[in-house]
J.: 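Structure below; questions to follow.
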Amino acid sequence: MEDLHAKFLPQFVVLARKRLALALTAAIARDHSATSKVVRELHTLAGEAGLLGLHEVVPLARECEHKAKALHASHSDADADLLVGGLRQLEGVIERIGATAPKAGNS
Amino acid sequence: MAAVNRDRFIVRAELRVGNDSVISYGFDLTSSSVFVVTEWNAPVGTTVSLRLSFPRILDPIDVTARIADIRVAGEPGEPAGVGLVFDEDSAGACLLDELERVESCGEASPSAERPYRVLLVDDSWLIRDMFAYGTAKFFERPGALAIDHAEDAEEAWAKLAKSTYDLVIVDYFLPSEDGASLIARLRGDARLARTPIVAISVGGRDAREATISAGADVFVDKPLVFRDLFNTLRVLAERRERARPVPERKAILVFDDSPFALALTRAALESAGFTVAIAADLSSFERQRVAFDPDLILVDVQMPEAFGDDVASTLRGWHGVEVPILLVSSLEQSELERRAQRAQASGYICKGAGMSELVRRCRELLEVAP
């Protein structure tokens with residue numbers, strides 16, 4: 001499984017960055033019409049991280065997914081700020097993983 | 001040099017002159033000459049190095065040849081190329097022997113117990129009809145050639161997983177997944193890697209380069225030179241190896257809306273020895289389920305079109321599907337367990353458990369040793 005991990009990790013990082021960028025943009029802009037999509041993106045991110053065995057990422061992504069669901073229900077600034085905070089934390093972990101992963105396409 | 005009377009067949013032609021290198025195909029092969037289809041050319045009289053081959057017919061043979069003729073593209077079926085005459089010292093008795101061996105082999109085994117099986121992957125019904133016509137016209141013995149048909153890479157992969165073919169003919173332009181991608185998958189699969197592959201297309205040089213790079217043995221332009229192609233099939237049918245038993249591999253169908261999860265799961269399961277088909281939406285899943293006839297189904301739970309537990313429940317209750325079904329999700333374990341029970345699924349796998357656990361559970365359910 002190590003070779004699969006090395007092959008797929010760069011793709012995961014690229015996809016995760018896109019998903020996080022979408023979620024952050026929507027949360028910062030208080031774009032509540034995009035929140036259900038953000039929930040799906042974070043759920044998918046958690047699943048993909050789980051399959052790759054990225055145990056540090058899964059609980060953070062799940063937590064962000066729950067925060068996005070809360071925001072979807074409340075539309076409140078407080079929940080939006082909580083989501084942005086969670087996403088920033090998740091972003092930091094993804095970037096740390098990305099810094100150690102081989103470049104996409106090199107695997 | 002004596003000519004061989006046998007009907008002509010298509011060959012892979014690798015041509016080299018100085019720094020120029022071309023991989024294409026040739027026809028009108030005799031013991032003294034061949035016509036190689038290519039946009040490349042050099043002055044008449046130029047000497048070239050040439051390697052000719054065709055899997056199961058002609059082992060690679062290196063000859064030196066001279067350009068005797070240059071043809072520009074003409075009517076459909078008259079592609080551009082160079083007529084090459086072999087240097088007698090180079091080709092010598094070797095090529096003559098090879099061609100005579102092909103001829104004598106055909107005479108020695110005029111009958112066969114089973115048909116030569118070809119999978120034609122092409123979404124054109126016209127091409128399918130042309131192959132049916134060609135089979136009737138070029139094969140005197142009914143049943144000597146059996147051509148099966150797949151309209152896209154997905155259907156082809158499902159058929160390849162369940163049946164054995166002596167040759168695969170793949171069109172480059174296919175819906176959704178192109179022919180080069182299918183060929184690369186074939187070459188990457190231990191069971192199918194040695195199957196001869198002929199790529200066909202109207203796409204010219206780009207299609208040729210893409211399919212040859214992916215692992216096709218020979219590329220042939222459309223419109224096809226049917227006489228040579230069917231003569232090739234006839235020679236192959238006469239020379240084919242006896243069918244060898246193919247080890248059974250369990251088939252798993254994976255349904256997930258994430259292309260990344262599908263690619264990763266497929267790679268992990270294939271490396272564990274399973275045959276895998278994937279589906280990213282409901283219509284693809286239903287097509288694959290019928291065509292692929294899987295031994296195990298893995299279904300993601302939260303997808304845009306449907307919940308995986310509803311899919312599992314429908315398969316069990318409405319379609320009477322009895323093969324194991326596993327829900328695969330990043331939902332909380334307790335919720336996943338509840339959904340699996342309600343849907344009469346065989347169990348569940350938390351994505352967070354990782355690919356090793358997923359492979360282990362598949363082996364366990366299908367009773368496959370690691």
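Heavy atoms only: backbone and side chains are in, while hydrogens, waters and symmetry mates are out. Reminder, nothing fancy here: chain letters follow the sequence lines and each chain counts from 1.
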J.: Please flag which part of Leu15(A) lies under 4.5 Å from any non-hydrogen atom of chain B: side chain, backbone, both or neither.
T.: side chain

J.: Answer yes or no: are there more than 12 heavy-atom neighbours, outside Arg205(B) itself, under 6.0 Å from its atom CZ?
T.: no

J.: What are the two closest heavy atoms between Ser258(B) and Glu48(A), and how far apart are they?
T.: OG-OE2, 2.5 Å

J.: Using heavy-atom distances under 4.5 Å, tell me whether Leu358(B) contacts chain A through its side chain, its backbone, both, or neither.
T.: side chain

J.: How many angstroms lie between atom CE of Met303(B) and atom OG1 of Thr44(A), to the nearest 0.5 angstrom?
T.: 11.0 Å

J.: Around atom CD of Gln333(B), are there more than 12 heavy atoms of other residues, nucleotides or ligands at under 6.0 Å?
T.: no

J.: Most heavy-atom pairs under 4.5 angstrom with chain A, which of Val328(B), Leu331(B), Val359(B), Ile349(B)?
T.: Leu331(B)

J.: Identify which of Leu54(A), Asp3(A), Leu52(A) forms the greatest number of heavy-atom pairs closer than 4.5 Å to chain B.
T.: Leu52(A)

J.: Please flag which part of His5(A) lies under 4.5 Å from any non-hydrogen atom of chain B: side chain, backbone, both or neither.
T.: neither

J.: Minimum heavy-atom separation for Phe8(A) and Ala263(B), please, with both atom names.
T.: CZ-O, 3.6 Å

J.: Non-hydrogen atoms of chain A under 4.5 Å away: do they reach the side chain of Glu332(B), the backbone, both or neither?
T.: both

J.: After noting the C-alpha distance and the side-chain angles of Val14(A) and Phe260(B), does the key distance pass the side chain to side chain contact (heavy atoms under 4.5 Å, CB included) rule?
T.: CA-CA 11 Å; Val14(A) 171; Phe260(B) 177 85; over 6 Å; no

J.: Check whether more than 12 heavy atoms from other residues, nucleotides or ligands sit under 6.0 Å from atom NE2 of His72(A), and answer yes or no.
T.: no

J.: Identify, with sequence neighbours excluded, every residue that meets side-chain hydrogen bond (donor to acceptor under 3.5 Å, both in side chains) alongside Gln302(B).
T.: His43(A)

J.: I need the residue from Ser271(B), Gly352(B), Ala268(B) with the largest number of non-hydrogen atom pairs under 4.5 Å to chain A.
T.: Gly352(B)

